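Everything below concerns the one structure shown next.
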Amino acid sequence: MKKINNPKLVTKSSSQLTINADKQNAGYKLYIVINAGSGDKNATSVTTELAKLFNDASQPHEFFICCRPDDMSAMTKQAIAQAASKNGAVVAAGGDGTIRYIAQEALAADLPFGVLPLGTFNYFARDNEIPQDVIAAAEVLIKSVRVGYERPVQVGLLNDQVFLVNASLGLYPQLLEDREKFKQEHGRSRIMARWAGLISLLKLDIKMLLRIENDAGKHESGKEVVRASTIFVGNNQLQLDDVGLNNEARSVENGQLAIIALSPMTAFQRVLVAFRGLFRLLSNSPNVTHFSCHKLIVEPLSHHRKHFKVATDGEVSKMKSPFVFRVGPQPLRLIMPPSVGLEK
């Protein structure tokens with residue numbers, strides 16, 4: 001745990017964004033990027049509540065509200081630039097995908113990073129003992145800034161992309177795309193998300209022939225070629241514990257990544273694996289290989305495709321192989337709740 005010194009800052013106004021004025025001796029300024037599309041909360045009411053809380057606490061802050069998907073890149077760059085020039089901190093308000101995107105920029109700028117969870121699962125916030133209620137999380141964030149503690153948090157890398165919770169290729173990215181369509185039609189909730197996932201499992205299996213290299217773990221270091229439908233790389237202890245991979249969860253705590261490989265299966269077998277995960281029994285599932293390592297190289301053996309769908313913290317994109325999963329050399333400077341910080 002590292003203690004940081006927080007100089008007093010003066011807030012500047014902006015005609016573009018919702019701004020609140022600085023008051024005396026309130027710690028460093030927070031530059032808060034809000035994804036208005038995250039979760040099922042009304043962004044306007046959340047912003048109003050946060051503004052009142054920060055003003056009442058004399059906490060310097062500035063909001064960067066992303067109303068459209070295209071706003072995220074520009075708003076994040078503005079927040080990062082201002083935080084870097086004024087010795088402030090960047091805060092991500094959104095789900096795990098939003099948090100991942102902003103964390104990547106904060107990591108590159110070596111800035112303190114805070115989280116206000118607004119998503120469906122909020123694995124990163126939950127794993128780091130940040131309250132799920134956004135106002136309660138904001139209260140904890142203010143206290144954390146005042147105390148001045150930050151905790152180095154391990155990040156994973158898929159090629160050059162940061163992931164905080166998980167990264168994958170194969171069946172899982174397709175499942176996420178189906179889940180997003182299902183949300184648009186039926187609303188956002190954990191129950192709906194899991195129901196959408198179950199429907200996806202009944203579709204045709206994805207088959208890949210993979211050349212895998214790993215540097216340590218349950219299997220001996222070296223190379224092998226395996227058939228798989230999905231490679232899933234975990235960096236979140238809570239999510240791994242939730243599916244019964246307790247040994248791999250501990251390996252993440254000790255600076256490794258958890259690797260899960262699913263072999264090609266029938267629809268019925270995939271549903272059985274999903275139910276084993278729901279009941280925390282994934283470690284004993286047939287057709288599932290799991291181990292831990294610091295670095296994993298995956299190369300799909302396909303002569304017809306150059307780009308493949310990948311998922312990082314719930315966001316799907318296309319990426320060129322080979323795929324290198326590894327522990328990031330630089331930790332994220334997470335602003336921690338004081339009670340957690342003092343225990344570390």
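In this text the structure is predicted, and so the values were computed from the model without any measurement.
Using the six-membered ring where Trp is involved, F163 and F325 have ring planes that are perpendicular, over 60° apart on the 30 and 60° scheme.
No single ILVMFWY cluster, assembled from side-chain heavy atoms under 4.5 Å apart, contains both I297 and F323. Neither I231 nor V324 shares a network with the other; the hydrophobic side chains, linked directly or stepwise wherever heavy atoms of I, L, V, M, F, W or Y lie under 4.5 Å apart, form separate groups for each.
Listed by chain and number, the residues in a salt bridge (Lys or Arg N to Asp or Glu O under 4.0 Å) with R250 are D241, E253 (sequence neighbours excluded).
Side-chain contact between K86 and Y31: present, with at least one pair of heavy atoms (C-beta onward) separated by less than 4.5 Å. Taking the side chain as every heavy atom from C-beta outward, I135 and L53 approach each other to under 4.5 Å. In this structure, the side chains of P264 and K207 come closer than 4.5 Å at one or more pairs of heavy atoms. Considering only heavy atoms from C-beta on, N246 stays 4.5 Å or farther from L240 through its side chain. Between Q330 and D110, the closest side-chain pair of non-hydrogen atoms falls below 4.5 Å. In this structure the side chain of P60 never reaches within 4.5 angstrom of the side chain of Y28, judged on heavy atoms. A 4.5 Å side-chain heavy-atom check between L158 and S168 finds every atom pair outside the cut-off. Between N128 and V115, every side-chain heavy-atom pair lies at or beyond the 4.5 Å cut-off.
Pairing each heavy atom of A83 with each of V90, the nearest pair is CB-CG2, 3.7 Å. The minimum heavy-atom distance between T230 and M208, with the atom names listed, is N-CE, 4.1 Å. Heavy-atom minimum distance, P331 versus L107: O-CD1, 3.2 Å. The two residues G88 and L111 make their nearest non-hydrogen contact at O-CD2, 3.9 Å. When all heavy atoms of D242 and R126 are compared, the pair lying nearest together is OD2-NH2, 3.9 Å. Contact detail for I32 and A93: the closest heavy-atom pair is CG2-CB, 4.4 Å.
In summary, D96 and R100 do not engage in a salt bridge, as defined by a charged side-chain N under 4.0 Å from a carboxylate O.
No option in D313, V155, L332, T312 other than V155 meets the side-chain contact (heavy atoms from CB on, under 4.5 Å) test with V162. Remark: of the listed residues H61, E62, Q82, E62 is the sole one forming a side chain to side chain donor-acceptor pair (under 3.5 Å) with K29.
A donor-acceptor contact shorter than 3.5 Å is absent between the side chain of N159 and the backbone of Q161. Judged by distance alone, the side chain of N236 and the main-chain N or O of Y123 form a donor-acceptor pair under 3.5 Å. Within the 3.5 Å criterion, the main-chain N or O of L238 finds a donor-acceptor partner in the side chain of D127. Not one N or O on the side chain of T76 forms a donor-acceptor pair closer than 3.5 Å with the backbone of S73.
Distance check, rounded to the nearest 0.5 Å: CG of L257 to OG of S251 gives 8.0 Å. Once rounded to the nearest 0.5 Å, the distance linking OG of S292 with CD1 of I260 reads 11.0 Å. Atom CZ of F124 sits about 4.5 Å away from atom CG of L334, to the nearest 0.5 Å. Distance check, rounded to the nearest 0.5 Å: CG of L296 to CZ of R326 gives 13.0 Å. For the atom pair NZ of K318 and CZ of F308, the computed distance is 10.5 Å after rounding to the nearest 0.5 Å. Taken from CD in E213 to SG in C293, the straight-line distance is 11.0 Å, to the nearest 0.5 Å.
A ring-ring contact (aromatic ring centres under 6.0 Å, His included) check over residues 230-262, counting only residues at least two apart or in different chains, returns the pairs Y172-F232.
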Q: Report the C-alpha separation of V252 and Q154 in whole Å, then their side-chain angles, then the decisive distance to 0.1 Å, and conclude whether the side chain to side chain contact (heavy atoms under 4.5 Å, CB included) test is met.
A: CA-CA 8 Å; V252 169; Q154 173 177 298; 4.2 Å; yes

(Q) Let's go through I335 and F113 carefully: what are the C-alpha distance in whole Å and the side-chain angles of both, what is the deciding distance for side chain to side chain contact (heavy atoms under 4.5 Å, CB included) to 0.1 Å, and is it a yes or a no? (A) CA-CA 6 Å; I335 304 169; F113 179 71; 5.8 Å; no

Q. Under the side-chain hydrogen bond (donor to acceptor under 3.5 Å, both in side chains) criterion, do Q132 and N122 qualify, and how do the steps go?
A. CA-CA 8 Å; Q132 297 305 286; N122 298 319; 3.1 Å; yes

Q: Walk me through it: do F63 and T47 pass the test side chain to side chain contact (heavy atoms under 4.5 Å, CB included)?
A: CA-CA 8 Å; F63 291 126; T47 304; 3.7 Å; yes

Q.
Using side chain to side chain contact (heavy atoms under 4.5 Å, CB included), reason through N284 and R276 one step at a time and then give a plain yes or no.
A. CA-CA 8 Å; N284 298 320; R276 282 179 175 269; 4.3 Å; yes

